[in-house]
A.B. asks: 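Could you have a look at this structure, given as structure tokens, before my questions?
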Amino acid sequence: MKELKTLKEKGLLRVIKDHCSPQGRIITIQGKKYINFSSNDYLGLSCHPEVIEGAKEALERFGSGSGASRLLSGGSVLHEELESLLSDFKRVEKALLFNSGYSLNVGVIPSISNERDAIFSDELNHASIVDGARLSRAKKYIYRHKDIAHLDELFRTVKAEKKIVITDGVFSMDGDIAPLRDLCELCRGKAILYIDDAHGTGVMAKGKGTLEYFGIKPEQWIIQMGTLSKAVGSFGAFVGGEKDLIEWLINTARSFIFSTALPPSVIGASIAGIKLIKKDTSLIDTLWVNRNKLAQALNEAGFNTGESQTPIIPIIMDDIESASGLSAYLSEKGIYAPTIRPPTVKLPRVRLTVTASHTDEDISYLMESLKDYRG
Ligand SMILES: *Cc1c(COP(=O)(O)O)cnc(C)c1O
């Protein structure tokens, strides 16, 4: 295949590297141990005893598969319990579960928009938002990253029945935070604001997310989604908003209607994960201590970490070869930190994610290795 050959030649081929250990601080790939700096399991909850116990209990009580979509017979009281935990945690009227963050965005975005509407999307939004917008019939406008003036300018020129602004809360490849205060000001009375908080959930504002970080109360024109697959240590996603929105989604979001419900064990793990986050924020505190330690060390050493403000810290490089070279060097040193290449990002980078599970030694060892590499 010619196209595949071109990918290889350009150094853009993606390959899977599965590990044979639990997801955690240390992972084993092909018999070799690595300190893992590429996990979104920010709090280490995927291996937390209470989360594992939650999954086990649900598995034993309700079995393995859920057998059908939610609207048929696939849902259990656990699904309902998790949704009410989430709506309470996020202080929204209602929450609805989807099978993943990806499936949520490609389901919800088309369901809340039609051909008379306009979607305004930050240029660095996650691919699932891009795909959701493509599946919708709305007109699409991409605004420059976090550029409120640009968005305002588009707002003035575009006529639409309904305007929807979509943004990541925390941007997944740069680790910077969306200017939600300004976005809210601009959208109030004029547009719906849709926030993808995949990396904000369980991380920002004691886990409650990016909107809460800005001290903004949920409102009827704000739609928030979050994932259970990252800081919550489980799998799946939720959308939160007013009651009518959720009822509308149950009736129209195709990825909700036409897909089998999440299995009970996954729901059991998510319930335990959310309960842990609600009860005790010490893991989140540790996450931020580690984050600040690593970010400060990287900046002091003169690495280009872009606009990072969160546990996602890219080391931005000039070209793909340098980024791949650094990842390969780190890999030799037993540090797992893969390269993110175009077209996923504009500038190639080694994307580091630091978690609550990392030790001071892990961070020092990473820094020493980085400095050695640079010579
Ligand atoms: C990871 C991610 C998703 C997709 O979530 P999954 O549960 O992994 O499908 C959606 N949006 C953003 C911003 C993400 O980082």
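Atoms within a ligand are numbered from 1 in the order they appear, just like the ligands themselves. Below, all heavy atoms of this structure are taken into account, side chains as well, without hydrogens, waters or symmetry copies.
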A.B. asks: Report, in ascending order of atom number, the atoms of ligand 1 lying under 4.0 Å from any heavy atom of Thr227.
C.D. replies: 5 (O), 7 (O)

A.B. asks: Rounded to the nearest 0.5 Å, how far apart are CD1 of Ile267 and CG of Leu228?
C.D. replies: 7.5 Å

A.B. asks: About how many Å separate CD1 of Ile340 and OG of Ser38, when rounded to the nearest 0.5 Å?
C.D. replies: 8.0 Å

A.B. asks: Indicate yes or no: does Glu115 engage Arg137 in a salt bridge with an N to O separation below 4.0 Å.
C.D. replies: no

A.B. asks: Could you find the nearest protein heavy atom to atom 11 (N) of ligand 1 and give me its residue, atom name and distance?
C.D. replies: Asp196 OD2, 2.6 Å

A.B. asks: Any atoms of ligand 1 less than 4.0 Å from a non-hydrogen atom of Gly101? List them with their elements.
C.D. replies: 4 (C), 5 (O), 6 (P), 7 (O), 9 (O)

A.B. asks: Please state which protein non-hydrogen atom is closest to atom 3 (C) of ligand 1 and give its distance, to 0.1 Å?
C.D. replies: His126 CE1, 3.4 Å

A.B. asks: Taking only heavy atoms of Ser172, which atoms of ligand 1 are found under 4.0 Å from at least one of them?
C.D. replies: 15 (O)

A.B. asks: With heavy-atom distances below 4.0 Å as the criterion, list the atoms of ligand 1 near Tyr102.
C.D. replies: 4 (C), 5 (O), 6 (P), 9 (O)

A.B. asks: Looking at Lys5 and Glu9, does any basic side-chain N land under 4.0 Å from a carboxylate oxygen?
C.D. replies: yes

A.B. asks: Just wondering, do Ile315 and Leu298 contact through their side chains at under 4.5 Å, heavy atoms?
C.D. replies: yes

A.B. asks: Suppose I only count heavy atoms of Asp168 and a 4.0 Å limit; which atoms of ligand 1 are within that range?
C.D. replies: 13 (C)

A.B. asks: Can you list everything that forms a side chain to side chain contact (heavy atoms under 4.5 Å, CB included) with Ser172? Sequence neighbours excluded, please.
C.D. replies: His126, Asp168, His199

A.B. asks: Under 4.0 Å from a heavy atom of Ser100: which atoms of ligand 1 are those, numbered in the order shown and with their elements?
C.D. replies: 7 (O), 9 (O)

A.B. asks: Heavy-atom distance under 4.5 Å between the side chains of Lys56 and Leu59, does that happen here?
C.D. replies: no

A.B. asks: Does ligand 1 come near enough to His199 that some N or O of the ligand is less than 3.5 Å from an N or O of the residue?
C.D. replies: yes

A.B. asks: Number the atoms of ligand 1 from 1 as they appear, then name those within less than 4.0 Å of a heavy atom of Ser128, with their elements.
C.D. replies: 10 (C), 11 (N)

A.B. asks: Is the shortest heavy-atom distance from the side chain of Glu83 to the side chain of Leu97 under 4.5 Å?
C.D. replies: yes

A.B. asks: Could you tell me the residue and atom name of the protein heavy atom closest to atom 2 (C) of ligand 1, and the distance to it rounded to 0.1 Å?
C.D. replies: Lys230 NZ, 2.4 Å

A.B. asks: Are Glu212 and Arg91 ion-paired here, with the side-chain N under 4.0 Å from a carboxylate O?
C.D. replies: yes

A.B. asks: Just which atoms of ligand 1 are under 4.0 Å from any heavy atom in Ala198?
C.D. replies: 2 (C), 11 (N), 12 (C), 13 (C), 14 (C), 15 (O)

A.B. asks: For atom 8 (O) of ligand 1, find the nearest protein heavy atom and state the residue, atom name and distance (0.1 Å precision).
C.D. replies: Ser229 OG, 3.8 Å

